[in-house]
Amino acid sequence: MKIISDIQELRDHLRGQNRASFVPTMGNLHEGHLSLMRLARQHGDPVVASIFVNRLQFGPNEDFESYPRTMQDDIEKLEREGVYILFAPTERELYPQPQEYRVDPPHQLGDILEGEFRPGFFKGVCTVVLKLFSCVQPKVAIFGKKDYQQLMILRQMAKQFALPVDIIPGETIRAEDGLALSSRNSFLSVQERDEAPELQKALREVREKILQLNVYSTNTLSEIEKIAVAQLTGRGWQPDYIAIRQQSDLAPPSNESLQSGEPLVILTAAKLGKTRLIDNLEV
Ligand code: AMP
């Protein structure tokens, strides 16, 4: 595997390649990331991964400084997956001057759910992903459904800018007890790690309740959301949201769309101690 930090060198290496398959990450790689590398291999060649902890997407009180950085370990994992190039730029390489041009996703997608609780997050994500696309110029790029809203926003970005990149979703990889793998799981204490699968269980319970409804109405759905939030709070979590939304645009479903069988997704973010976890479940 070639490890490249320089944009020009990356372009030199990829010259003439028009089927590259790209997996952007922030490193501290786990099975979830590696499943995306395997998916990438099915969709293009060569596979290019990136590791870059993107300051732009972290709020002032978030965990940019403490975000786990495990480059040597990550390199070994990527080598085992047969990744051809690891692009790991320094901040100075990717942002040699302040990144004043930014991609601002539309309010109705970028400022809800994660965007409400992490203002500027998706602006930072879109900006770095557009820039990474410009460096790598991939044919396809793989993103996990674990970050459901992010996947949707990046798909819309690619569409609205007519980027020549197919965005391909990867399924969420979980630990045996159901907890979605995440770099932030390493922040959990032993007790918190035991409690953490309850987030996924809460989503499953919400899904069961939805599936058992005879009559769908927005009122019943918001009741179900409130009960789930209260239950998690009772267990010591600090939930930001548990939201039942339309898969198509993440908007709250209307009574009409519920009657017509609109596919739904349940999304959640909640803090356990100091660690903020997110997850989602399609209905
Ligand atoms: P990150 O390093 O957290 O920025 O994630 C890099 C990519 O891996 C994103 O597309 C994530 O959605 C994806 N990802 C993170 N966790 C998982 C998981 N448990 N299963 C599948 N994909 C994941």
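Note that ligands are numbered from 1 as they come in the structure, with each ligand's atoms numbered from 1 the same way. Here, residue 1 is the first one in the sequence, and each next residue gets the next number. Predicted, not measured: the structure shown is a model, and the values here were computed from it.
- Summary of contacts: the protein heavy atom closest to atom 5 (O) of ligand 1 is His33 NE2, 3.4 Å.
- When hydrophobic clusters are built by joining Ile, Leu, Val, Met, Phe, Trp and Tyr residues whose side-chain heavy atoms come closer than 4.5 Å, directly or via intermediates, Met26 is not grouped with Tyr148.
- At the shortest separation from atom 4 (O) of ligand 1 among protein heavy atoms lies Met26 CG, 3.6 Å.
- Residue Ser183 has no N or O atom closer than 3.5 Å to an N or O atom of ligand 1.
- The protein heavy atom nearest to atom 12 (O) of ligand 1 is Asp147 OD2, 2.6 Å.
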Verdict with supporting geometry, Gln246 and Ser257, side-chain hydrogen bond (donor to acceptor under 3.5 Å, both in side chains)
CA-CA 9 Å; Gln246 308 186 149; Ser257 64; 2.9 Å; yes
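- A cation-pi arrangement, defined by a distance under 6.0 Å to the six-membered ring centre and an angle within 45 degrees of its axis, is absent between Arg102 and Phe122.
- With a heavy-atom cut-off of 4.0 Å, Ser182 does not touch ligand 1 at all.
- Checked by atom type and distance alone, the side chain of Glu192 pairs as donor or acceptor with a backbone atom of Ser189 at under 3.5 Å.
- Remark: distances from the non-hydrogen atoms of Glu31 to ligand 1 are all 4.0 Å or more.
- Transitive grouping of hydrophobic side chains (ILVMFWY, heavy atoms separated by less than 4.5 Å) keeps Phe52 and Ile142 in distinct clusters.
- Checked options Leu132, Val140, Val165; the residue passing with Phe22 is Leu132 (criterion: side-chain contact (heavy atoms from CB on, under 4.5 Å)).
- Near Pro24, meaning under 4.0 Å from one of its heavy atoms, ligand 1 places the atoms 6 (C), 7 (C).
- Below 4.0 Å from some heavy atom of Leu181 lie the following atoms of ligand 1, by number and element: 16 (N), 17 (C), 18 (C), 19 (N).
- Residues Leu277 and Asn185 have side chains in contact (heavy-atom distance under 4.5 Å, counting atoms from C-beta outward).
- Between Asp74 and Lys77 no salt bridge is recorded (no basic side-chain N to carboxylate O distance below 4.0 Å).
- With hydrogens left out, the protein atom closest to atom 20 (N) of ligand 1 is Ile173 N, 2.9 Å, a heavy atom.
- Between His33 and His30 there is a side-chain heavy-atom pair separated by less than 4.5 Å.
- Neither the backbone nor the side chain of Leu151 comes within contact range of ligand 1; no heavy atom lies under 4.0 Å.
- Which parts of ligand 1 touch Glu171 is read off a 4.0 Å heavy-atom cut-off, strictly below it: atoms 20 (N), 21 (C).
- The single protein non-hydrogen atom nearest to atom 3 (O) of ligand 1 is Tyr67 OH, 3.9 Å, given as residue, atom name and distance.
- Atom numbering of ligand 1 starts at 1 in the shown order; those under 4.0 Å from a heavy atom of Phe143 are 10 (O).
- Asp279 has a carboxylate O that lies under 4.0 Å from a charged side-chain N of Arg174, or vice versa, which qualifies the two as a salt bridge.
- Among protein heavy atoms, atom 23 (C) of ligand 1 sits closest to Lys146 CB, 4.1 Å.
- The option with the heavy atom closest to atom 9 (C) of ligand 1, from among Gly32, Ala175, Gly144, is Gly144.
- Here atom 8 (O) of ligand 1 lies nearest to Leu36 when heavy atoms of Thr172, Leu36, Thr25 are compared.
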